Structures are given as C-alpha cells and as structure tokens.
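Here the structure is laid out as structure tokens; the discussion comes afterwards.
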Amino acid sequence: MKLIILDRDGVINQDSDAYIKTLDEWIPIPGSIAAMARLSLAGWTVAVATNQSGVGRGYYSEATLESMHQRLRELVAEQGGTVDLIRYCPHTPEAGCDCRKPAPGLFRQIAQLLHTELTGVPTVGDSLRDLEAGVALGCTPYLVRTGKGESTQYKALPAGTQVFDNLSAVVDHLLET
Ligand SMILES: O=P(O)(O)OC[C@@H](O)[C@H]1O[C@@H](OP(=O)(O)O)[C@@H](O)[C@@H](O)[C@@H]1O
Ligand SMILES: [Mg+2]
Ligand SMILES: [Zn+2]
C-alpha cells in the first residue's frame with residue numbers, strides 16, 4: 001500500500017497561533033489540495049493525523065471541525081482525489097491521552113484501520129511533534145517550511161528528515177521516483 005500520513009494545520013491549510021476555529025478560518029495552502037489529489041490519482045492512500053486541542057479547550061465544536069474536514073474532502077474530490085482517512089486528537093495536553101502528538105496514537109489508529117504497518121510510510125508535518133509521532137512507528141519524516149515549519153526547520157530534527165518548501169514539493173519528490 002502506498003500510504004502517506006499528513007499533518008493538517010500548517011501543511012494542508014494555513015495555521016494560526018489563535019487556532020483554526022471556524023470554517024472561514026480554514027484556508028488551504030496554495031498547491032496542497034492539488035498535491036493531495038495528485039497522490040490519490042497516482043494510487044496513494046491519503047491519511048491525515050491532526051492535533052485538535054481547540055475542541056478540548058472549548059474554542060470550537062467537533063461539528064465545526066467536521067465541517068472543515070468535509071470541505072477538505074470536497075476540494076480534493078473536485079480535483080479527482082480522495083482523502084481516505086482523517087484522525088484527530090481532541091484532547092488538551094492535560095488529558096494525558098495517547099493520541100496527542102508527539103504520542104503515536106493517531107498513527108497507530110491509522111495503521112490498525114488500514115490493516116498495515118507504517119515502516120517507511122512518509123509522514124509530512126510542520127512541527128517536531130508531527131514527525132516524532134510518526135517516527136515512533138517507523139514512518140519516514142518530511143518537514144515542510146509552511147506553517148510552523150518556518151521555525152521548526154532550525155530545530156534538531158529526527159534522523160533522516162527531508163525538508164521541502166511545501167507539501168506540493170514533497171509530492172513532486174514522491175511521484176518522481
Ligand atoms: O498541526 P496540527 O496537528 O494539524 O494542528 C495544530 C492545531 O491543533 C493547533 O495546535 C496548537 O497546539 P496545542 O494543541 O495548543 O499544543 C497550536 O499550535 C495552534 O497554533 C494550532 O493551530
Ligand atoms: Mg501542524
Ligand atoms: Zn488525544
């Protein structure tokens with residue numbers, strides 16, 4: 001199975017230190033929707049693993065979060081692609097859950113739901129915690145310079161992390177081989 005696991009905020013859509021609280025605040029990063037569709041059309045399974053502590057913090061509801069994800073699915077479908085799976089952690093840091101990145105719970109859920117291992121599966125993030133969560137289950141890490149990646153790029157990254165300007169550039173790389 002050709003599988004990729006994407007972070008959401010700062011990779012697919014613009015991020016904000018004030019959280020993405022409404023559908024109107026959910027704005028795709030140029031090229032990201034097309035990149036997801038290109039992968040899908042090339043036979044890749046596209047999964048999303050995202051921390052959404054704003055739910056647990058009371059900033060927005062799960063219904064509002066779902067409206068963002070429905071918009072994402074619609075936009076990718078308009079370009080011929082499919083978003084196969086979206087898993088999120090709604091918890092606050094204080095909840096001590098196993099699904100808030102850098103804990104690997106979301107990645108474990110994806111592996112179990114797709115009946116596959118994650119060894120060598122590319123994962124794309126803009127924060128260190130995104131990469132750490134995936135690497136814990138054997139993923140190959142890719143950092144993008146969009147969102148928080150602009151600063152994350154200067155931190156100590158997991159061994160083997162490849163850095164690209166944006167998701168579109170990562171997909172160009174993955175599809176060229
Ligand atoms: O990048 P992904 O995982 O898709 O989503 C991140 C968001 O849930 C929010 O995560 C928050 O971190 P805390 O949850 O407050 O530590 C902050 O970084 C916000 O700026 C950000 O929008
Ligand atoms: Mg992010
Ligand atoms: Zn959680």
Side-chain angles (χ1 to χ4, degrees), residues 4-33 35-36 46-73 75-76 83-113 118 121-137 139 141-155 157-158 161-171:
I4 189 168
I5 301 175
L6 306 176
D7 174 55
R8 195 196 84 176
D9 296 333
V11 174
I12 297 172
N13 57 277
Q14 294 176 11
D15 197 2
S16 165
D17 288 342
Y19 298 74
I20 304 301
K21 304 178 291 298
T22 67
L23 182 57
D24 286 346
E25 290 177 0
W26 189 89
I27 301 168
I29 289 170
S32 288
I33 299 297
M36 294 173 73
V46 180
V48 178
T50 178
N51 281 355
Q52 291 300 324
S53 70
V55 172
R57 297 174 191 277
Y59 297 162
Y60 46 90
S61 67
E62 289 196 274
T64 297
L65 182 63
E66 179 55 27
S67 72
M68 298 176 202
H69 295 166
Q70 192 52 31
R71 172 69 56 83
L72 169 60
R73 295 185 190 99
L75 290 172
V76 173
V83 182
D84 297 278
L85 193 56
I86 301 174
R87 304 302 291 176
Y88 63 87
C89 165
H91 307 112
T92 61
E94 297 71 28
C97 69
D98 72 351
C99 54
R100 174 181 163 82
K101 297 176 286 184
L106 297 177
F107 288 74
R108 191 171 290 115
Q109 290 174 25
I110 290 169
Q112 289 169 347
L113 288 166
L118 299 187
V121 168
T123 189
V124 185
D126 68 317
S127 299
L128 202 51
R129 67 189 187 191
D130 306 327
L131 307 183
E132 291 168 336
V135 165
L137 293 187
C139 288
Y142 291 82
L143 177 72
V144 288
R145 295 189 178 95
T146 50
K148 293 182 172 61
E150 196 170 349
S151 56
T152 306
Q153 67 180 317
Y154 302 111
K155 295 181 178 176
L157 303 174
T161 299
Q162 298 177 68
V163 184
F164 288 86
D165 284 341
N166 51 46
L167 178 57
S168 186
V170 175
V171 171

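Model, not experiment: these values are computed from the prediction. When a ligand or atom number is given, it counts from 1 through the structure's own listing order.
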| message | Using only atom types and a distance under 3.5 Å, with no angle test, would you say the side chain of Ser127 pairs donor to acceptor with the backbone of Arg129? | response | no
| Option nearest atom 14 (O) of ligand 1 (shortest heavy-atom distance, choices Ala18, Pro93, Gly147, Ser53) | Ser53
| task | Output yes when a side-chain donor or acceptor of Asn51 lies under 3.5 Å from a complementary backbone atom of Cys89, and no otherwise. | result | no
| remark: atom 17 (C) of ligand 1: of Tyr19, Tyr88, Tyr59, the nearest heavy atom sits on Tyr19
| note | If you scan protein heavy atoms around atom 12 (O) of ligand 1, the nearest is Arg129 NH2, 3.3 Å
| With the Zn ion (ligand 3) as the point of reference, which N/O/S atom of His91 is the closest? | ND1
| Considering only the protein, which heavy-atom contact is closest to atom 22 (O) of ligand 1, and what is its distance? | Asp15 OD1, 2.6 Å
| request: Return yes if a side-chain donor-acceptor contact under 3.5 Å exists between Tyr88 and Arg8, otherwise no. | output: no
| said: Any carboxylate oxygen within less than 4.0 angstrom of a Lys/Arg side-chain nitrogen, looking at Arg100 and Glu94? | reply: no
| field | Ionic contact status for Asp126 with Lys148, cut-off 4.0 Å | value | no
| Which atoms of ligand 1 are found less than 4.0 Å from any heavy atom of Lys148? | 18 (O), 19 (C), 20 (O)
| N/O donor-acceptor pair under 3.5 Å between Lys101 side chain and Leu106 backbone | no
| Residue portion contacting ligand 1 (non-hydrogen atoms closer than 4.0 Å) for Gln14 | neither
| said: For Val124 and Asp7: C-alpha separation, side-chain torsions, deciding distance, then whether side-chain contact (heavy atoms from CB on, under 4.5 Å) applies. | reply: CA-CA 6 Å; Val124 185; Asp7 174 55; over 6 Å; no
| query | Of all the N, O or S atoms in Asp126, which one sits nearest to the Mg ion (ligand 2)? | reply | OD1
| Which angle, to 10 degrees, forms at the Mg ion (ligand 2) with O of Asp9 on one side and OD2 of Asp7 on the other? | 90°
| query | What protein heavy atom sits nearest atom 1 (O) of ligand 1, and how far off is it? | reply | Asp7 OD1, 2.9 Å
| note | The answer for which part of Asp9 has a heavy atom under 4.0 Å from ligand 1 is both
| Proximal ligand 1 atoms for Arg8, defined as those under 4.0 Å from one of its heavy atoms | 4 (O)
| message | For a quick check under 3.5 Å, do Ser61 and Thr64 share a side-chain donor-acceptor pair by atom type? | response | yes
| query | Okay, side chain of Thr123, backbone of Asp130: is any donor-acceptor separation there less than 3.5 Å? | reply | no
| What are the atoms of ligand 1, with element, lying closer than 4.0 Å to any heavy atom of Arg57? | 13 (P), 15 (O)
| With side chains defined as the heavy atoms from C-beta onward, is the minimum distance between Phe107 and Val135 less than 4.5 Å? | no
| query | Can you tell me if Ser16 has a non-hydrogen atom under 4.0 Å from ligand 1? | reply | yes
| request: Would you check if there is a donor-acceptor pair between the side chains of Asp9 and Gln52 at a distance under 3.5 Å? | output: yes
| Under 4.0 Å from any heavy atom of Lys101, which atoms of ligand 1 are there? | 3 (O)
| task | Would you confirm whether Asn166, through its side chain, and Ser168, through its main-chain N or O, come within 3.5 Å as a donor-acceptor pair? | result | yes
| message | Can you name the atoms of ligand 1, numbered from 1 with element, that are less than 4.0 Å from a heavy atom of Thr50? | response | 2 (P), 3 (O), 4 (O), 5 (O)
| Of the protein's non-hydrogen atoms, which lies at the shortest distance from atom 8 (O) of ligand 1, and what is that distance? | Asn51 O, 2.4 Å
| said: Rounded to the nearest 10°, what angle sits at the Zn ion (ligand 3) between SG of Cys97 and SG of Cys89? | reply: 110°
| Atoms of ligand 1 less than 4.0 Å from Arg100 heavy atoms? | 13 (P), 14 (O), 16 (O)
